[in-house]
Structure formats: C-alpha cells, structure tokens
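Step one of this worksheet: look at the structure below.
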Amino acid sequence: MPAVAMEQIVSLSKRRGFFFPGSEIYGGLQGTYDYGPLGVELKNNIINDWWRTNVYERDDMEGLDAAILMNRLVWKYSGHEETFNDPLVDCRSCKSRWRADHIDGVCPNCGSRDLTEPRPFNMMFSTQVGPVADSGALAYLRPETAQGIFVNFANVLATTSRKLPFGIAQVGKAFRNEINPRNFLFRVREFEQMEIEYFVMPGSDEAWHQQWLEARLAWWAGIGVPRERITIYDVPGDELAHYSKRTYDLMYDYPNIGVQEIEGIANRTDYDLGSHSKDQASLNLTARVKLNEDSTARLQYYDPESRRHVVPYVIEPSAGVGRCALAVLCEAYAEELTKAPPPEKLQSVADGLTAFLKSVSRSDKLRPEHRDAILARGEAIAGALTERLPELEPLLALPGADAIELSKKLRGQAQPVLDEHYRTVLRLRPRLAPVKVAVFPLKRNHEQIVATARQIRRHLQGELGLRTVYDDTGAIGKLYRRQDEIGTPFCITVDFDTLGEGKDAAFAGTVTVRDRDSMAQDRVPIAELEAYLREKLR
RNA sequence: GCGGGCGUAGCUCAGCUGGUAGAGCGUCUGCCUUCCAAGCAGAUGGUCGCGCGUUCGAAUCGCGUCGCCCGCUCCA
C-alpha cells in the first residue's frame with residue numbers, strides 16, 4: 001500500500017530529515033526545499049543510479065556538466081527569452097489571466113474592463129554578470145540544463161569521435177520562476193534535472209523515441225516505480241513546447257495532487273542544434289528557427305556513409321530529481337500491522353469511526369463534495385479496519401473533517417493502537433536507501449557489546465563504503481522501528497551471544513541481521529558480514 | 001498572481017466570548033542479560049509565523065506581510 005496522502009510523506013520528511021522548507025527560520029522562501037541528512041543521501045542515490053544506467057551501462061553516452069550561467073544569446077536563440085517572457089493581466093471579475101498583447105483592455109471571457117496592470121512575467125530568473133548592473137550584464141539562471149548540452153555539441157563531438165547515434169547526459173540545477181510553486185517538492189523554483197540529449201540521424205528519430213520510452217520505463221521500474229503505476233501521455237500538438245515535434249509524458253499518480261508528470265521524453269527535432277548554428281539556410285533544417293547572426297558554429301555532423309553533413313535530430317528524456325524522489329517515497333511508503341491489536345481496542349475504534357461517519361452524514365456544515373469524499377473513504381476503511389487503520393489520520397485530514405467534533409475523539413482512540421501495533425516502513429530499493437545498515441548494541445551500558453557494535457559500524461562505513469548508523473538510544477524494538485521508517489534495509493544487533501556469553505557458545509562471533517521487509521533475522525558471523533551484505537544490497 | 005481556508009513545542013492537537021500557554025507522542029539522560037515502539041526515574045523544548053495597530057492588558061480583535069493547503073494557472 002503506497003502513501004494515501006501527501007501529508008504522510010511531508011510529515012515523515014520533516015520528522016526524520018528528508019526535506020525541509022527552504023529558509024524556514026526567516027519565514028521561508030516559496031518554492032524552495034532543502035535536502036536534509038536523509039534527503040541528500042536519497043537524492044545522490046537516485047542520481048547515481050540514473051548516471052550508472054544511462055552512462056556506464058550503455059556504450060553510446062558521454063557525460064557533461066555545463067555552467068548554470070550562460071551567455072544571454074543562448075536563451076535568445078533557444079526561444080526561451082520569447083516564450084518564457086509575457087506581459088500578463090488578470091481579470092478581476094472572472095479571475096482569468098491573459099497575455100496583455102493578446103487582448104485589448106477587455107476580458108475576452110466576461111467582457112469586463114476591470115483588469116490588473118500588465119505585469120511582465122518572466123519564467124527565467126535574471127541576474128547580472130559582473131558588478132555593474134547595466135543592460136549588457138543581463139544573464140539568466142538556466143531554466144533547463146539542455147542548452148548546456150546543445151552549445152557543447154561540437155566540443156563533445158570533436159573530443160570523443162562519437163558517431164551517431166550517441167547521447168550526452170547531464171545532471172544539474174535549473175531555475176524557473178514558477179507562477180505558483182506548490183505541492184511540496186512537486187513544483188519548485190529551483191530543482192535538479194537529469195537530462196539526456198540523444199542525437200540521431202534524421203529519419204531514425206521516431207524509432208529512437210520509442211526506444212527511449214522503453215528504456216526510461218525500465219529505469220523507473222528499477223527504482224521502485226513499476227510500469228503499471230505509470231501512464232504515458234502522448235502530448236497533443238497544441239500542448240507541445242515550442243521545440244517539440246512529439247512528446248511522451250510519463251505520469252505518476254501522486255496522493256492528493258493526482259496524475260502528474262514525472263518525466264518528459266521529447267523529440268526536439270533539429271530545432272536546438274539548428275537554432276544555435278550559423279549559416280542556417282545551408283543546413284536543410286526541418287524546424288522553424290530564428291535567424292541566427294551571432295553563432296560562430298555549424299552544429300552539424302559529417303555522416304561518412306552518405307558523405308553528407310547533417311544536423312542530427314534529438315530525443316530528450318528529462319526528469320526532475322525532486323519529483324522522482326517524491327514518487328519513490330510515495331511508492332515505498334507503507335504503514336502496516338505488526339501484531340494484532342486486542343479485539344476490544346479495535347472495536348472501540350470501529351465504534352468511534354461509525355459514530356464519526358454518522359455525524360458526517362448528518363452534518364450541515366460540510367460541503368456536499370467534502371462530505372461524500374469523507375464518507376467514501378471512511379466506509380472503505382471501516383470495511384477493512386485492521387489493515388486500513390493507518391488511513392484514519394489521512395481521513396481526518398480531509399477538507400472539512402476537522403469541523404466534525406467527533407474527529408478529535410476518533411483520533412485519540414486510534415493513536416495509541418497505531419503506535420503500538422503498526423509500523424511505518426519505507427520499502428525502498430536497497431541501493432536507494434539513505435542508510436544501508438544500522439548497528440545496535442542489545443544493551444547500551446555494556447562496555448564490550450557497545451565496543452563491538454561501534455567497531456562493526458566503523459568497518460562497514462569505512463572500509464565497505466556503506467552508509468551506516470549506530471544507535472543505542474532506545475530499546476531494540478524502537479530502534480528497529482526508527483530504521484524501518486527511513487527505509488534502512490538491514491539492522492545488525494550485537495548481543496551477549498556475540499561475545500560468547502549467551503546460552504549457545506556456537507554463536508560467539510556472530511551477530512543478528514534483521515531484514516526490513518520480512519523482519520526475519522539471520523545469525524551471521526561477523527567475518528562474513530561483508531559478503532552477506534554485498535549479496536543482499538546488489 | 002487571483003479567490004477560499006489555515007499558521008500554538010520535532011509531530012498531532014487543546015487553549016470558549018482578550019488577562020502574558022498545556023496534553024499525548026517524539027527527542028535526550030540514567031536504571032533494567034531489553035530482539036521488534038508497552039518498564040521505572042528525570043530532562044530538553046514555544047517571544048503562540050512575522051510586523052504594525054486597538055487595549056491597562058492579545059495566542060485570542062483589526063490591518064499588513066511571509067508561508068502552507070484547496071481551486072484557476074503551470075508542465076521536470
């Protein structure tokens with residue numbers, strides 16, 4: 001059961017240190033999030049997996065890391081200065097928004113003349129290069145990393161002797177002054193992109209578009225977002241970006257915000273290489289490009305077979321790291337039963353839920369759609385209360401639920417049962433887990449147990465390079481729960497048997513390795529830990 | 001950016017019609033031969049988002065601002 005509400009992920013993130021709202025102590029800065037101790041590990045793991053899959057495991061890819069600041073002309077010829085920059089007005093009567101240059105002081109929707117002043121709206125963040133802020137110093141923070149690849153096309157070609165088809169991969173920050181950043185990590189103003197520009201012979205672009213679609217779906221499945229959880233949106237012509245001939249959007253069904261894009265796979269044709277080239281008239285471009293009088297290069301490729309110069313077509317799979325991390329977390333999230341609660345406790349929650357739902361159905365304070373949503377979810381939970389008890393909290397967070405007095409009582413009844421009989425677990429793929437192994441002493445004030453545990457921890461993180469934590473600040477059950485919550489796949493416990501002081505002397509020199517998902521335990525000799533973990537963490 | 005709702009300890013919330021804040025959980029420390037959050041004892045933690053105003057006095061009223069949520073918009 002993946003997350004049923006975004007609040008579950010938001011709350012876990014804050015509580016355990018995945019993501020924090022940016023600049024929080026000064027009241028925040030809309031559209032920014034900071035990656036905490038666990039978030040940065042998850043993010044790095046995602047990026048590394050993407051890089052390994054797309055660069056190391058293929059033989060047709062190169063990497064690149066271009067500057068965020070680029071010559072302003074890049075954005076002139078890429079089309080961003082034009083398409084990311086509009087004067088907008090809002091209609092105060094019907095709340096619609098229009099491009100000021102498209103209407104004549106009258107709202108086309110309702111005919112009202114009550115419009116706001118035109119405001120220039122630029123999706124690109126501007127800045128100055130150099131200390132003098134005159135117009136010649138204007139620069140932008142890149143709104144996509146792709147342009148860094150296009151302007152380096154000739155450099156990469158010259159230095160690697162690549163033949164078509166080949167691709168260039170890049171991971172880096174991009175910045176967009178979104179109208180309305182919202183939905184946690186989903187729409188932010190500063191985000192990290194994982195982008196590939198894959199250059200192919202014109203005419204082979206459609207086949208390669210399909211191949212990349214399949215390759216990308218396979219990657220998502222590999223990080224725990226299976227094919228059946230993704231829908232493919234074949235973007236209709238009138239919604240395509242200015243550079244695209246065809247785009248597949250991969251869509252994930254996030255809790256609360258619904259089906260949303262997690263990756264775009266665009267056929268950018270010869271638009272970008274053509275746009276950034278000089279002598280465009282001689283290049284047989286198929287894309288309509290702005291006349292370029294500034295570029296010093298022809299971004300083309302000499303095809304030895306046809307003995308002709310061609311401008312390659314480009315297939316662009318482009319995904320955001322934050323959105324990816326969010327989808328991975330939602331998919332991995334589970335709250336599940338660990339030991340059956342006593343029937344009488346469950347019954348009192350069931351009664352509380354029944355009373356709450358009855359109160360909801362009678363209430364005249366609720367908007368009908370809110371009432372119906374609460375009732376539908378509530379009845380589904382009531383139908384399988386033992387398994388779905390963890391969904392009570394999200395139910396009570398639905399709009400309108402807090403207007404019902406009984407919601408507080410119900411929460412109070414459910415909370416202790418949840419605390420004691422359920423666990424939160426992130427079923428992350430081990431290679432994405434922020435922490436790979438946790439090491440515990442069974443008894444924290446026993447000198448030798450502690451020393452052994454610390455030593456194992458040091459070894460795993462130092463020599464094996466596995467992110468490992470040591471924790472002795474609670475009873476063993478609590479320590480396991482803490483690690484479950486952040487997705488640590490393995491917990492190692494050092495006990496009296498390890499020291500040869502237990503009941504069975506044969507256990508000397510061994511530790512308990514406990515599996516996150518099954519909660520099963522293995523007794524493993526310390527000397528074999530490395531092989532054991534390497535096998536399981538693959 | 002527009003409209004609606006909201007903003008009290010790390011989390012979930014209480015604090016009614018104004019008199020300078022509480023609970024549960026969490027976190028931390030000590031004790032316990034303690035393997036799945038259940039013992040005992042103690043501790044930390046909030047200038048009630050921020051600012052201005054009304055008032056003898058504001059978490060509680062008004063205005064502004066920042067942030068969050070829902071809708072319009074957006075599209076990695």
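Sequence lines set the chain letters: A, B, ... in the order given, protein chains first and strands last, and positions in each chain run from 1.
- Using a 4.0 Å heavy-atom cutoff across all strands shown, A:N183 reaches sugar-phosphate atoms only and no base atom.
- With C1' as the reference atom, B:G10 and B:U73 are 35 Å apart, rounded to whole Å.
- Ranked by how close their nearest RNA chain B nucleotide is to the 5' end, A:D495 and A:E393 are led by A:E393.
- Residue A:R482 is in sugar-phosphate contact alone, with no base atom involved, counting any heavy-atom pair closer than 4.0 Å across all strands shown.
- Annotation: A:E344, atom CD; neighbour count of heavy atoms from other residues, nucleotides and ligands within 6.0 Å is above 12.
- Taking atom C1' in both B:A21 and B:G45, the straight-line distance is 13 Å, to the nearest Å.
- Applying the 5.5 angstrom centroid cut-off and the 30 degree plane-angle cut-off, the aromatic ring of A:F496 is stacked upon the base of B:U33.
- Within 3.5 Å, no donor on the side chain of A:R15 pairs with an acceptor on the base of B:C11, nor the reverse.
- Aromatic stacking of A:F191 on B:A76: satisfied, with centres closer than 5.5 Å and planes within an angle under 30 degrees.
- For the pair A:M123 CE and B:A76 C1', the interatomic distance rounds to 11 Å; values are reported in whole Å.
- Minimum atom distance to the side chain of A:K339 is reached by B:A37, of the listed B:C2, B:A37, B:U12.
- With both ends at atom C1', the span from B:U29 to B:U12 equals 25 Å, rounded to whole Å.
- Nucleotides B:G5 and B:G46 place their C1' atoms 24 Å apart, quoted to the nearest Å.
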